[in-house]
Amino acid sequence: MTGPGSFFTHLQCSSCGEAAPRDGAATVCGACAKPLLARYDLAAARAAGFSPEKVRARGRSLWRYREVLPVLADENVVTLGEGATPLVDLPGLAARLGLARVLVKDESMQPTLSFKARGLALAVSKAKEAGVREIALPSAGNAAGAAAAYGARAGLRVHVAMPEDAPKANVAECRAAGADVHLVKGLISDAAKWVRAGVEREGWFDVSTLREPYRIEGKKTLGYEIADDLDYDLPDAIVYPTGGGTGLIGMWKAFAEMEALRWIGPRRPRMVAVQAAGCPPIVRAFEEGAAESRFFEGAATAAAGLRVPKALGDFLVLRAVRESGGAAVAVTDGELSEDARVIGSETGLLLCPEGAATVSALKKLAASGGIRANERVVLFNTAAWAKY
Ligand SMILES: *Cc1c(COP(=O)(O)O)cnc(C)c1O
Ligand SMILES: [Zn+2]
């Protein structure tokens, strides 16, 4: 591997601030059961020469950020070639909306064809490092596919639970990678009950969104890569399709780390959380001024990755959105499918429903003044269109 290794020091609770040791299979805070965040000795990393120039000289992979990733021993790195996706320009859309630039971080070519690869590469690497043998998680679909593939790569047994109406491609890819697949009637929250039972009965290690601290570390590399691609001049706004919120929380963390590393200044993009009108718990909490969301009953949307009725890290999403002066926006399935059609036929960029939702949200924000003339905006295409 590249560089002098990881500067990971310990875990810290995102809510009560309690510290936790970095060794072993980490879950949530022992004191308050909220998500833990990985902390690094960033001053030492900087002193050891960890810099944008050094990173650029390395191979194009998320592992180029080795110093700020939590895997301690190189032999525990489990990789299928994740990270290093392009920012694709949409000049036609930018011109129509009066914006300087609209860029789409296109995650559709990641291993298992979704950006869940980033998070699961880290979670599985750390599970391997902790000596875990079997992992389990509930998923709307793409996280299960990525867990199955990385688990197979690491030689772990993988148990996944998905709603029975999860995209067919997700069920098929899990089976193809040899995972134990369980389909449940209902939502990801129902799948989570099956996983919890197995965790208690069989001792599986639970890698559910934010119940283990390292998927965020994988997703935060989205923020590092965007900064690098824009020469450390961050965009004015980041429009993120939010289910569990891992990527948004991760990027917000990445920006703080980069400021501590003195790679960027204090200016931040406005963070926008996009949800489906059929399942908008975080949008509802944002509008109500609440610190946390309430469970959203009757969640329904074609954007499977956004069908999360209650996220463990909702308070972290809401905090980042508010601190950044951002917004939370809901879009309908009709809007996102129309925008996917327009962008696909106009540019050849084929958007998954979640990715198309960021276009629909951008149009709303441009109309309402939430995003202003001549601003630079980054959207996400979080999975391959063909998976749906
Ligand atoms: C999981 C997922 C999302 C939501 O990501 P979070 O970081 O959990 O909010 C968005 N799009 C796709 C395609 C997904 O699979
Ligand atoms: Zn705590």
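As the structure lists them, so they are numbered: ligands from 1, and atoms in each ligand from 1.
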Answer yes or no: is there an ion pair linking [X] with [Y], defined by an N-O contact shorter than 4.0 Å?
{"X": "D236", "Y": "R101", "result": "no"}
{"X": "E129", "Y": "K126", "result": "yes"}
{"X": "R157", "Y": "E202", "result": "no"}
{"X": "R22", "Y": "E217", "result": "no"}
{"X": "K105", "Y": "E225", "result": "yes"}

Determine whether the side chain, the backbone, both or neither of F380 has a heavy atom under 4.0 Å from any heavy atom of ligand 1. neither
Applying a 4.0 Å heavy-atom criterion (strictly less than), which segment of T246 is in contact with ligand 1: side chain, backbone, both, or neither? both
Parallel, tilted or perpendicular: which fits the ring planes of Y224 and Y65, with parallel below 30° and perpendicular above 60°? tilted
Parallel, tilted or perpendicular: which fits the ring planes of W194 and H182, with parallel below 30° and perpendicular above 60°? parallel
Do the non-hydrogen side-chain atoms of E323 and R268 ever get within less than 4.5 Å of each other? no
Do the side chains of W63 and E82 get nearer than 4.5 Å, heavy atoms only? yes
Which residue in the set V329, V331, V274 passes side-chain contact (heavy atoms from CB on, under 4.5 Å) when paired with S360? V331
Taking only protein atoms, how many N, O or S atoms are found under 2.8 Å from the Zn ion (ligand 2)? 4
Provide the number and element of each atom of ligand 1 under 4.0 Å from a heavy atom of [X].
{"X": "Y240", "result": "5 (O), 6 (P), 7 (O), 9 (O)"}
{"X": "T242", "result": "9 (O)"}
{"X": "P241", "result": "4 (C), 5 (O), 9 (O), 10 (C)"}
{"X": "G243", "result": "4 (C), 6 (P), 9 (O)"}
{"X": "Y388", "result": "13 (C)"}
{"X": "G245", "result": "6 (P), 7 (O), 8 (O), 9 (O)"}
{"X": "G247", "result": "7 (O)"}
{"X": "K219", "result": "5 (O), 6 (P), 7 (O)"}

Compute the minimum heavy-atom distance from E107 to ligand 1 and say whether it is under 4.0 Å. no
Say whether T209 and ligand 1 are in contact under the criterion: heavy-atom distance to a ligand atom below 4.0 Å. no
[X], any N or O under 3.5 Å of ligand 1 N or O:
{"X": "T382", "result": "yes"}
{"X": "K116", "result": "yes"}
{"X": "A383", "result": "no"}

Has K363 got a side-chain atom pairing as donor or acceptor with D339's backbone, closer than 3.5 angstrom? no
Between the main-chain N or O of D228 and the side-chain N or O of R56, is there a donor-acceptor pair closer than 3.5 Å? yes
Can you confirm whether the side chains of R118 and T221 place a donor and an acceptor under 3.5 Å from each other? yes
Testing the 3.5 Å rule here: is there a donor-acceptor pair between the side chains of T85 and D106? no
Return the closest protein heavy atom for atom 8 (O) of ligand 1 as residue, atom name and distance. G244 N, 3.1 Å
